[in-house]
Every structure is written in structure tokens, then in C-alpha cells.
Amino acid sequence: MNIEEYLRRDYVATLLKEGRRIDNRKLDEFREIKIEKGYSSEKAPGSAFIYLGNTKVLVGISMDVGEPYPDRPESGVMTTNVELRPIASPLFESGPPREKAIEIARVVDRGIRESGAIDLEKLYIEEDRVWIAFIDIHVLDDGGNILDAAGIAAIAALLDTRIPRYEDGVVVRGEWTGKLPVTCTPVPVTHAKIGDKLVVDPNLEEEYARETQLTVTTTDTINAMQKSGIGAFSSEDVDSAIDTSFKKAQEIREIVEG
Amino acid sequence: MNIEEYLRRDYVATLLKEGRRIDNRKLDEFREIKIEKGYSSEKAPGSAFIYLGNTKVLVGISMDVGEPYPDRPESGVMTTNVELRPIASPLFESGPPREKAIEIARVVDRGIRESGAIDLEKLYIEEDRVWIAFIDIHVLDDGGNILDAAGIAAIAALLDTRIPRYEDGVVVRGEWTGKLPVTCTPVPVTHAKIGDKLVVDPNLEEEYARETQLTVTTTDTINAMQKSGIGAFSSEDVDSAIDTSFKKAQEIREIVEG
Amino acid sequence: MNIEEYLRRDYVATLLKEGRRIDNRKLDEFREIKIEKGYSSEKAPGSAFIYLGNTKVLVGISMDVGEPYPDRPESGVMTTNVELRPIASPLFESGPPREKAIEIARVVDRGIRESGAIDLEKLYIEEDRVWIAFIDIHVLDDGGNILDAAGIAAIAALLDTRIPRYEDGVVVRGEWTGKLPVTCTPVPVTHAKIGDKLVVDPNLEEEYARETQLTVTTTDTINAMQKSGIGAFSSEDVDSAIDTSFKKAQEIREIVEG
Amino acid sequence: MAEKEMKLIVDGKRLDGRKFDELREIKMEVNVLERTMGSAYVEWGNNKVLAGVHGPREFHPKFLRDPRKAILTCTYNMAAFSVDDRKRPGPDRRSVEISKVISDALSSVAVLEKYPNTGIDVFVEVLQADAGTRCVSIVAASLALANSGVPMKDLVSACASGKIDGEIVLDLMKEEDNYGECDLPVAISPRRGDILLLQMDGNLTREEYTKAYNLAVEGAKKVYGMQKKTLLDSMVNLEEGE
Amino acid sequence: MAEKEMKLIVDGKRLDGRKFDELREIKMEVNVLERTMGSAYVEWGNNKVLAGVHGPREFHPKFLRDPRKAILTCTYNMAAFSVDDRKRPGPDRRSVEISKVISDALSSVAVLEKYPNTGIDVFVEVLQADAGTRCVSIVAASLALANSGVPMKDLVSACASGKIDGEIVLDLMKEEDNYGECDLPVAISPRRGDILLLQMDGNLTREEYTKAYNLAVEGAKKVYGMQKKTLLDSMVNLEEGE
Amino acid sequence: MAEKEMKLIVDGKRLDGRKFDELREIKMEVNVLERTMGSAYVEWGNNKVLAGVHGPREFHPKFLRDPRKAILTCTYNMAAFSVDDRKRPGPDRRSVEISKVISDALSSVAVLEKYPNTGIDVFVEVLQADAGTRCVSIVAASLALANSGVPMKDLVSACASGKIDGEIVLDLMKEEDNYGECDLPVAISPRRGDILLLQMDGNLTREEYTKAYNLAVEGAKKVYGMQKKTLLDSMVNLEEGE
């Protein structure tokens, strides 16, 4: 860490002691969210481009037909992959996904899977043939809080997704038979702990200054939680983060579904 | 680049300004070509060992039975792989094929594929079963211009290739039912640009001295072109290279087919 | 190699000139062997944990159903894998198995395979379906002579192995139809050459001091031999090692089968 | 979770006869390996987990060293035969994630500033797996680290709770994990009460979360008692951080 | 090429109504990303391509540094969902080759001597693909590089021509690429007229080549006009190399 | 071994007409490549093997260098088309093991102390394979190493024996290797009589081993004669180690 980084980190923390954030947001305020559904609609069955402040993420959904898992023969399959593309940050490297990308993918996946957001039973086609929904999260500009951007764009993309025609064992590209059955809108909300304060939706500078963070994904219940990073939370921290998460998720849900 | 390399590079360029090559060839003259077809005939259905000056390349063809591509269910399959074996040069490394090997493989592949040299339709066997021709290019001694050596040996090996017997779903090794149907003889010709001169078939020292190069693969038409390396060609350069390519390819074709 | 290592190595060699080993064993004496069969019996069909002196290895056998090899359609399949887990030594690294792990796996595999210890013909189920026995050797603490520990634990684990129930194309976990058919007990015995002496079952310090080593795996015949490491044996060395191997293998066999 | 139907509570009892707030049987031991600086072995129900520590030692590659502290890296690995269906050797995405969250938790209590520029490698080997391996692993890793002599501000203790058949229960076993509705693993710094690891998946109301969290912490505290006893019995002085 | 039968020219018009020498619709923008030194976004027909530049920065590994100049490396990557059939993430042989030819073309005009011992990394992300992505990518990469402030002797402009139903046409779209007889992508240094990238596969007579080449160059020159306008509009001073 | 039934000895003769103690036909040549320091080519029955040496040269990575001697590494590789069923390019477990045992054998005779801190890389390319490739490879590698000028205490010579239809025979060919009962490859330092490589798989009694071993050594000695002649013919002075 060089001097400049250290000073900015210090500045973020000092401001927060006074209850102020470096970009003047309230502690529980998200940056502006813009979502463009259907961004890659000429090819992808579903897609959404999100701007979460400076953070830019494109999620595309591919629909393919394949075999179900042996222990769930009548259920469709979903799979989530995150690519922290090197274009998104001078700190990202080429190569197979690492720790950070895998953690983000798994937390986003759990929110969608555990809430039952995709009605996988409706993705059954015939014996040994089900729809597979690939959720590919393509991170293009890292302005902080990639996790929430990814999770919000993922559910937005799923809401945008059409199911292709499937005839004589072949997926007919570019023709659609209906929408992907989506039952609810799980939204992850990430809380960074800086000093003894919690802030939602940390930007890049807040990420440098934070110790640890907690992500809570909710629908009308809690569906996924993940503490990440070195450091500790008190149980009061977590209680407060959960309450805030329900509230912020509802606001964001309106944007996603709108 | 050490001093000796630099001096030799300079020497190559200086000689060429006077229209002379370091090994006294004419600008459009290939090094001596010797081809031994059937080099690995005890095992491989087809093979050819080429000496292009000091450059030595062995190409082997394996024939296997597999599934066609879904969008071409009645066509056989061809695939081309280049191994720049570390024995061939102190500069080559072990490991999976890199940029250079991949580029050579793809340019050789395009020449053969686009000219229709292998009559893939005749490699259809029965529903979901076609012949797959593996073209494996094994580079053993790098004396310069691996690409042309590889491309020439590849088509020579294809001309040498026999189709194994296929009975009851099994390929019978060592018994043959006929020759691989080869319809024409695409030949790549590579032109190195050194200063403002073009030379064909650059040897190793000319490769060090060159800026960029152009490969033109022809039958009675042009089937593949590839500019490679940093630097520029004028459109006149390219026109002249094409004309030379047709002429040299015809000479080489006689050696390959002979 | 640091000074301390060098001195200990020297000490091992000097002692041996007088016919003494650093831990006071006789030249043809193994360290104490303790074997716990069924160590992972809640999950693995077969397992055995071996203590060979300080060396600790756990072998687990997994049984799965799959396709036979095309050239042996009525035979089951066996496969052997060694993981030199980094926990076992500060010198082991994470990542795919390397040279040393592969060599150990292949020598253990040959002893079992060539002696016919697993009656593979009895692992045939029905057309295109046979049992596959996975022998997974998990090395947990490297106190020297991993190879013999691995080979002894592998055959002990096989002797412990039950065959799961197989019904309607599915392996029923946790229910068993019988024991794996094991016909004999191959035992590897490794001889380290230090100076002009041979010792069996080298401990870690003897391994540092040794030049080369020879492993001989026997049942009532010799089934596998492997010289490993830089250095040479005389033919008399080998003759003597074979004789010792038969003798020691018989002693160890009683422990394994007991 | 919650895919197939399976009755997990019959007549107010769990399948293995445990009460809702009852732990499975747990055994612990430290100093079980020769070639590590510290090691531990934990049996917890049918789970068998071995942990060992190499280091502090030179960290590679050099340019990633931290001049202010040691870098602690945990590697969680399951033996191929540790589960019913053989697991292919090598890290998968699940084990990469578990390795990370354990690394984070241990790094939160180890006094890494004492060993600048070095690496401390904690290896966890799951020899038999039966639900809850991440809690078992963190408990074993924490014991191995203490056994290695690296100073720690506190131990790390852990336990999971979950929801089955609508009830909040402690320490899920395999069937409960497969067919239950929620899993909530929690690791704490027991003396301070801080949360070092918290994950959750499934589905809990706000109220259920509080109940489940409290239950998990109670479980972790019982485990802490066993950890302390194990270390004391082994005559290792656990350096209490400042 | 030329596998299935498909009529590509009907009544003298192409499937999408274009004339033989007509480009698809093109939109360009620069400076679209925060974390890069320079960036550009290009829409070209249904293609959507983003390019960004990191560097000049330290080059690793050290022993491969060039003391005379920067090493420029382009990495071309297609998003999994950018094509009809999902593409597995990670480089395949096609993208390795395209990365190389774009690297070669950009290195031919960038004044790399200004930054010895460094690396300049150009990343191209294909977000939606619809034939001709290598030309779109090179155009976007060239804009991003200019936007980053690395001095260039010239921009790089590019366009493909091809043969469909026996006719030489400009800028193939998807069906024309799949069922046509030839594809000829060309990248030029527009002010000098030099050829920086030239690939071809299919089948062209000597005369057809000349016609196709000239058509591609005309296309590239039109694209050059748009590139200049985009950069000027963005108030970025394109440093003209000496 | 010994899986299918196949009669390998008919009327006291082997399938290819050889006697029990007869070698297949062998041809050798050295100095066959331009870009290596030393090289050799060996045909042995239907086997065709090329070997070449790069180095002594800088060894990477630096921290693995040995300040007392060169590190000799042999890499054994089979061409995809060298066997009946195409082999996927790249190392498999078998070739890793063969590479190791050849490296060990060559390192036992090369005077590596002469080149501290360096690496000597020996590459073996199997262009056509027909049983016994490890012996052919070691013979070719040893010739290439001698041809490169690296001083050696002795050459390495090699031959295999085996058991077919209950008889001990020399130098197995393909069918004998597939359907025989045992394979015993041996490499020796011929002047000293030392064993440098010894592997065996199959099944041999104590007495059969001695017979097979002696036969293999006799074979290796004949091969040694050809190696010496080849090197002398090529006017290369084989430096006799002290």
C-alpha cells in the first residue's frame, strides 16, 4: 500500500467517525442504480447491464438443454459464473476465476437458489432433458461493491429471460416460447465495517478502508448471508445489518422489477 | 538481442539492399525440399517427413471414427494441431501450444479446409458416425519458415493417408479400405519483408531480420492469407506476393505430388 | 542443503559403515507397523490407516460403476492415485501430482495389478457395466519410505473393501453385497543404498543420505521392481535385495492379513 | 436445500435421537503429526478432520509479501474417499470458498504482525465428511495454530445451527443438511463474543435468525470448552493475546 | 464456409437490405470506463465491443522486459453469452489468434519506444457478436489506445469484405459470414495506406482479390472518418506520430 | 499383461521369426539436428526415436539451481501418431514416469559437477512406437548426450527381456509386450557393469529373474557395441570419465 492509498483510507475512516461518507451519502444509502435489461438481446435469452455508481456489470443468461442432476431428475439446473475481467481493474488478472470471483459467484448463486427465484420444476422438458440456465456475470468496471451489482443484475437478467423454442431435440435460436418462470426478487445488500460504523454499498475507497463486510440477501425472508474479509462483527452489527438489508432490498426491488 | 545477433541481422538486411540473400538464393527461391511420405507408416495411416533446408517437420495423420458437427451431420471432420517441440529450438518451451503454434496450426488448417482438399462428404459413414482426420504437425528442427514446411508436409501426409477398415463399430488398425479422398494440393508460400524487399521461404537468420511476413496459400485460387508480425505491407507488396505465391506453389506442388 | 542436513547425512553414512542405523534397527528391519482397517468406514467401502514408524498414510477405496476398457470388456477396472498432501511435509506443494507422486502411484499400482490381487473378472456386472475400484492414497505425514507405507496400506484397504449394492443402474450407498475379491497380498519392500550398504524401510534421515533405492514387490513371485534415484546398483545388490524382499514381505503380510 | 421430502423430526426427536440443542459427539487431540509446527485432529459425529500448520516461513512469490505481517493461508481439502460419491482430487469451487472463509477467520485472531514478510500455511484434510465440515475444520485449524505456537488473541470456535421441519436445531448431520431448510455456520472469538465467520443459506425469518444464531453461539461455546481442555491437557500454553 | 445452401442475394439486394458496398450502422464512444487509462465502446451492426487499456505499467516476468520499448499485448475475449450457443469462458484457439493479430497491428503504429521496459495491455471484450468482431475489436482497441494518451503514428482502421453468391460485398453480417464463400478482413494505417492486418479464408481468384481488397479499404476509410470524429468530439488530442 | 490369450511361440520360434535371445534390427545415427548441442536418432524394430540436448544453459527458476552441479532433466514425449490409437498431445502419467527414470539413469553417468547452476535438457521424441520405447529412448538419449560434448563416466546402454508363453526371451516386440507375462527393462553402465535403470512388471520366479536379467544385460552389451561404433564413426570423441 503506498502513501496516497494510506492517506485516503485514513480520510475515509476519519470522516466516518463524524458520520460522513466520502461521497456524502448517508450510511444506508446506495449509489445511483441504472439497469438496462435486454442489453445483449440479439443473442442472449436474457441480459441486464447495471451501473451501480461507477461499477459496471453485464449479466447474460444462456439457456441450454441438458441432463438433470441424478438426485433431482425433474428439476432444471442453474449455474452461476463470475468473470472479473482484467479490463475492470488494473488489479485483476487474466486466467481462471480465483478466490474472489468464486466467492462472489457462490454468494449470488445462493441468494437466487435458496429463495427459489427460478422455478426449476418448470424447467423440466422430458425424461433426462431439462433446461439449464447459465448465469454469466461479466464484471467490466470495478468501482466497488461488485457483489451487490452482480446480484442485482443477475436477478434483473433472469427477469428479462425468454425460453427458446425446443423442437426435435434441438434448441431453435432466436425463437421464444415464453418467459423464464421467476417467482421472487432476491436482493443482496452489502455492509462494510469501517471503524465501528457500518455503511451499505461501499465504493472503491470505502472498500480499501474497510476491515470486513457482511452481505445479506433477502426476499420476504433471509436467503443468504456471507461475512467476508479479516475482522469481526458484533451480533448487534449483524442484527442492524439485517434490518437495513430488508429495507434497502425493497427499494432496489422496485428498480429491478420496474 | 545480443551483439552477434544484431550484427547478423544487420548483415542480412544490408546484403538484401543489394538484392542478395545470405545463402545466395534468389529472392523468390525456396531452399531444397525433400519429402519422405509414409515415414511412420507402421502406425500412422498417413505421414510425411519434410526437410525444408535445415527445417525438419514430421506430420502424421490419425484416422478415428466419431460424431459429426451438429450443423454438418453428413460431413467428416478435420482438425489440425501443431507441436513446436522443445527439441526443435532452444527457444521453444514445454507446455501447451502457445500463440505461435496456434497461429501456424490455424493458417495451415484454413488452407486445407477452405480449398476443400479433403473431400469431407466422403468421410461420412452412417448416422452420427464420420471419419475424423487428425493432422498432427510435429516440428523437430527449426531452421526457419516452419509454417510453409508444416503446410507442405501436411498436404503430403494427407496424400499418403489410407482409411482404416471399420467393422461393427470398431476401427481395425493396420487394415485399410482405400485412400483418403484428396481433391487438390494447397501450398502455402511465406514472404518475409526485410527492409523494402520481399523474400520467400525465409531461413532462420532472415526470420530474425524480418519485420513482418505474409503467407498466401493457393490452389487454382487463393484459399488463405495471413499477415503476421509487427510492421506493414503496401498493397503493391501484397499483389506481388500473391503472384509469386501462385508460381512457387505450382513448383512445390510437383514435388509434393511426385 | 544446509550444514545441519549435511552433518546428519554424513552421520547416517558413517554409522552405517559400522553396520549401525541411526535408530538402532538392523539393516533388514522395518520400523513398527500399525494398521487400522476401516478407518473411514462410514463413507468409504474400504480404507486403512497405516503408521510405519512416523510415516502416516490413509488409503481409501471408492467403488463406482462404469464402462470397461474396450480391449477387456469383461474385466473390472482399477486405478491408483497418490496425493502427497502438503500437510505431510514442509517440502510438499499444493497442485496436481508431480513426478514423485506419480512414480509412487505407478509402482504401487503395478504390484497390485500384476499380482492379480484384485480378481477383476469378478467385477463384471453386465454388458458395458463393471465395477471400478479407485485406490486413493492420501499421504499425511512423511517420516520416510512413503512408497512401502502406501503399498502396504493399499492392499490392507483392499482387503477391507465391501462391494456396494447395485440396483436399477444405481449404486446404493451404505449397503453392501459382499467383499471385494482379493486373491493375494503383494507387499513392496524398499531398499536404500547408502555407501555400499543396503537398508530396508529407510526413515527420513536415511532417505536424505541415500543415493538410490530399489523397490521389490512380491507375492510368491516377483511382481514389480523399480529402481529410483540417481546412482547405481550392482547385480549382487539386486540379488540380495530380492531375497530380503521375499522374507520381509512374508512378515508384513501377516500383519496386513491379521 | 428442501428438495426431496423427508421427515426429519419424529415424535419430537431428531433422526439420530438428539435433542434440538444437542451436539454430536466430539473428540479432539493436538500434536498428532511429526512434520508440522502444530497439528490437531477432530472427530465430530462422523466427521474426521486433520489440521496442520507449516510456518511461519518464507513467502513466495516475493513481490506479494507483506512487510507488516505474515500472510495466513488456509487450504481446505477433502480426501477423494471422504464422501459417498468419490470426489475428484483437487480444489473445486466449494473448497476454494471454504478455504477463504477459514483463512479470514483465523487471520482475525492470529497475531500476524509478529512475523512480517512470512507465510503461515494451515492445511485442513477432511478424511471423512458428514455435514458441518467447515465448522469442524475451523475448530481443528484453530487448535493446530495454537499448537504451533503462533500467538493468538483468542481461539476460534464454531458450530452450525439450522432449520429442519420448521424447527431451529443445533449441529445438523448429513440428512438434516440435505433435506433441511437452512444451514447457519457461525464461528466466534469466544472470549470477546465477536463473529469471525457467518454464512447462511436457505430461508429464515427475522425471528428465526435470532433464535438460530443464539443456538449456534451456545454450541460454539461448548466446543470452546473442549478446545481449551484439549490444549491444556496437551500442556501447550495458549498465549493469550493482549 | 459455403457448406449449406442459402440464397444471400435476392433481387440484387442483401438479406438485410444493404447495397453491396454498404456498411452496417456504426456507433462509437470513448472514455467509457473509470478504471482504465483509455477506453472505447463500438456498436457495429449487432456487434457490441468494449476496449480498455491498462498501462504503460510494470511488465512481468522481469526477464522478458524489452529495454528498447513497451510490450503491447492485446487480449480478445468473448462473453459467454455473446453468441447463440454459450461459449465456455476462457481463451480458445480462435481468440488466441485474434489477440495476436490485433497485438501485431496496434504495435505497428503505437510509439512503444517511449516506454521501455513496460507493458501496455489492451483488453477487448466482445459483449455481443455478429460477424466481423475482429474488425470491430481492432477499431475499438485503436480508439481506446488513442484515448489512453499513448502516442500513435496513426490510428488503425479496419473493415472486412467478402464474397457471397459470387459477388464481392462489404462488411459481412452473420448469415453472409456463415454461408458465404470468402471473408477478407483488412486493417490499415489510414493516413499512410499501409496494411496492418490481412487475413483471408475461402476462395478468391486473383481478380476477385483485388476487387475485394479495394472494397475493404474503402470501408476502412469510412470507419476512419468516424474514429477521428469520435476522438475529436471527446476533446482528446490524438498525438500525431512523427 | 497376460489378459487375452494369444500364442506367442510357435514351433520354438517367436512371431517375427526371432530366436529367444535375438535382438530386433537396430540402426543408429548421431548429430542429426541443427538446433541442438547434440542429437541422435535410433531405429529399433519399428520404433523410431529422436533425441536432442539443449544446454548446459541457465536454469529456471533461479531458487532451484544447484550450486554444486548441473540439473539434468529428460523429457520423454510420444508423437500423437506414434501409436495405433492417437495419443492426445501432452504428458501423461506414463511419460512422466519414463522421463524420471531416464533422467535418473543419465544423471548417474554424466559429469554434472562440471556445470554448476545450469540445466541440461534432454528431449526424447518417439516418432513411432512398437514396444520397448524406454530402452530405445535411453540409448538415443545417451548418444545425444555424448554427441553434445557433456563429459560422461560411461555411456548408458539398455535392453529389455521378458517372459512369453513361459519362456524368457530378449527384446519384446508389440504383441509379446501386450500378451506376454513379464517385461524387464534394464539399463547399464556397460564398462562398470552397474545397473542404472531397472523396472519390472508381471510375474517372475526368483530363478526366472536371474535368467531374464542376464539375458537383458547380454542384449544391452550388444547395443553398447553399436553405440560405440556410431560415436566413433561420427568422429566424436567420447570423453571417458575418470
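Residue numbers begin at 1 in each chain, while the letters A, B, ... track the order of the sequences. It should be emphasised that the depicted structure is a prediction, and the values quoted were computed from it without experimental measurement.
Between B/Ile194 and B/Val12 there is a side-chain heavy-atom pair separated by less than 4.5 Å. Two residues are said to be in side-chain contact when any heavy atoms from C-beta on lie closer than 4.5 Å; F/Glu58 and F/Thr118 fail this criterion. In this structure, B/Ile125 and B/Tyr166 have side chains that are in contact, with non-hydrogen atoms separated by less than 4.5 Å.
With chain F as the partner, the residue from B/Asp64, B/Leu140, B/Val171, B/Asn81 showing the most heavy-atom pairs under 4.5 Å is B/Leu140. If you tally non-hydrogen atom pairs under 4.5 Å between each of F/Lys48, F/Met37, F/His54 and chain B, the highest count goes to F/His54. With chain F as the partner, the residue from B/Asp136, B/Asp141, B/Asn54 showing the most heavy-atom pairs under 4.5 Å is B/Asp141. In terms of non-hydrogen atom pairs under 4.5 Å with chain F, the most contact-rich of B/Ala44, B/Pro90, B/Gly60 is B/Pro90. Most heavy-atom pairs under 4.5 Å with chain B, from the set F/Leu127, F/Thr36, F/Thr75: that is F/Leu127. Between chain F and the options B/Leu204, B/Ile87, B/Leu58, the largest number of non-hydrogen pairs under 4.5 Å is found for B/Ile87.
Checking side-chain atoms of F/Asn47 against main-chain N and O of F/Trp44 turns up a donor-acceptor pair under 3.5 Å. B/Asp142 places no side-chain N or O within 3.5 Å of a backbone atom of B/Ser89 that could act as its donor or acceptor partner.
Contact of F/Asp121 with chain B is not made at all, since no heavy-atom distance falls under 4.5 Å. For B/Ser41, the part lying under 4.5 angstrom from a heavy atom of chain F is the backbone only. With a 4.5 angstrom heavy-atom cutoff, B/Glu42 touches chain F via backbone and side-chain atoms both. Only the side chain of F/Asn46 has a heavy atom closer than 4.5 Å to any heavy atom of chain B. If you measure heavy-atom distances from F/Ser39 to chain B, you find no contacts under 4.5 Å at all. At a 4.5 Å heavy-atom cutoff, the contact between F/Val32 and chain B is made by backbone atoms alone.
Ring geometry for F/Tyr41 versus B/Tyr39: interplanar angle of 30 to 60°, hence tilted.
For F/Asp16 and F/Arg18, the salt-bridge test passes: some basic side-chain N is under 4.0 Å from an acidic carboxylate O.
Annotation: cation-pi geometry not satisfied between B/Lys56 and B/Tyr51 (NZ/CZ under 6.0 angstrom from ring centroid, within 45° of ring axis).
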